[in-house]
Amino acid sequence: MSFTNPSGEPPRVNVHTHDSPTSGWVRRFLKLIPPGGRVLDLAAGEGRHTRLLLHQGFRVVAADRKVAELRAHFGGEPRCDIVETDLEAGAAWTLGGGFDGIVVSLYLHRALFPDLIAALAPGGVLIYETFMAGNERFGRPTNPDFLLRPNELFEVFSHDLAIVAFEQGEVTEPKPAMMERIAAVKGAAAKVP
Ligand SMILES: C[S@@+](CC[C@H](N)C(=O)[O-])C[C@H]1O[C@@H](n2cnc3c(N)ncnc32)[C@H](O)[C@@H]1O
């Protein structure tokens, strides 16, 4: 496991995520997902990671409450299911399970944490990154509902998943922010890519 100070105050870390519009953290840990696997891009937005996943040969379920961009870009792609859903409506999880990978980037709704664990297939990989406490000084989000607490991803997911990598703290790329990131496997710990 690679680890960045999970127990103390969030450190100042420099994380190079390249100039690519996709996340370096996501790109790095996609390598853990079995080739051709089925991956959920949760709160997929305009689909920057959906596009990456498709290019890497995965089958993708891209879910968001706003799907116009997803439909425009991937509507004709047979390996991509686009699901229009309000993930915070309080309804039961509707996205199914058996995912070989789940990608969550820049989205937080804590009530979904147990669903994410349940929706992973054995050996499935969770790749999660979003803003954390302290981000307020850089800009939005500033609402604590949308900011992870220090160590939160580690504490939430380490009960049920094997943590491959965790980091938290200040990043400078693609812009200054406070971020928390985890990669974890439902099963035995994997190689660290
Ligand atoms: C900051 S964007 C991140 C998009 C994408 N994950 C990425 O990294 O590029 C947050 C996304 O969450 C979606 N979202 C916010 N609240 C939602 C909800 N209640 N149900 C479904 N999607 C939601 C928004 O529509 C938006 O696409």
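Note that ligands are numbered from 1 as they come in the structure, with each ligand's atoms numbered from 1 the same way.
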Applying a 4.0 Å heavy-atom criterion (strictly less than), which segment of R65 is in contact with ligand 1: side chain, backbone, both, or neither?
both
Could you tell me, atom by atom, which parts of ligand 1 come under 4.0 Å of a heavy atom of S105?
3 (C), 5 (C), 6 (N), 7 (C), 8 (O)
Are the side chains of V103 and L42 in contact, using a 4.5 Å heavy-atom criterion?
no
among protein heavy atoms, the one nearest atom 5 (C) of ligand 1 is A43 O, 3.3 Å
Polar side-chain atom of H109 near backbone of F146 as donor-acceptor pair, under 3.5 Å
no
Compare L106, L42, V83 and give the one whose heavy atom is closest to atom 1 (C) of ligand 1.
L106
Sidechain N-carboxylate O distance under 4.0 Å for E170, R137:
yes
Quick one: do R110 and E152 make a salt bridge, cutoff under 4.0 Å?
yes
Identify all side-chain donor-acceptor contacts of residues 81-94 below 3.5 Å with residues at least two apart in sequence or on another chain.
residue, atom, partner, partner atom, Å
D86, OD1, E88, N, 2.9
E88, OE2, Y107, OH, 2.5
W93, NE1, G96, O, 2.7

Is ligand 1 under 4.0 Å from a heavy atom in the side chain of A89, in the backbone, in both, or in neither?
neither
What protein heavy atom is closest to atom 14 (N) of ligand 1, reported as residue, atom name and distance in Å?
Y107 CE1, 3.8 Å
Give, for atom OG1 of T50 and atom NE2 of H55, the distance between the pair rounded to the nearest 0.5 Å.
11.5 Å
If you have a sec, work out which protein heavy atom is nearest atom 26 (C) of ligand 1 and how many Å separate them, to one decimal?
D64 OD2, 3.5 Å
of all protein heavy atoms, closest to atom 20 (N) of ligand 1 is L87 N, 2.8 Å
Looking only at distances, please establish whether an N/O atom of ligand 1 is found under 3.5 Å from an N/O atom of D86.
yes
Give, for atom CG of L40 and atom CG of L116, the distance between the pair rounded to the nearest 0.5 Å.
7.5 Å
E88: numbered ligand 1 atoms lying under 4.0 Å from its heavy atoms:
16 (N), 17 (C), 18 (C), 19 (N)
Measure T85 to ligand 1 on non-hydrogen atoms and call it side chain, backbone, both or neither using the 4.0 Å cut-off.
backbone
The one among R48, E69, H49 that brings a heavy atom closest to atom 9 (O) of ligand 1:
R48
On the 0 to 90° scale, with breaks at 30° and 60°, tag the F157-Y128 ring pair as parallel, tilted or perpendicular.
tilted
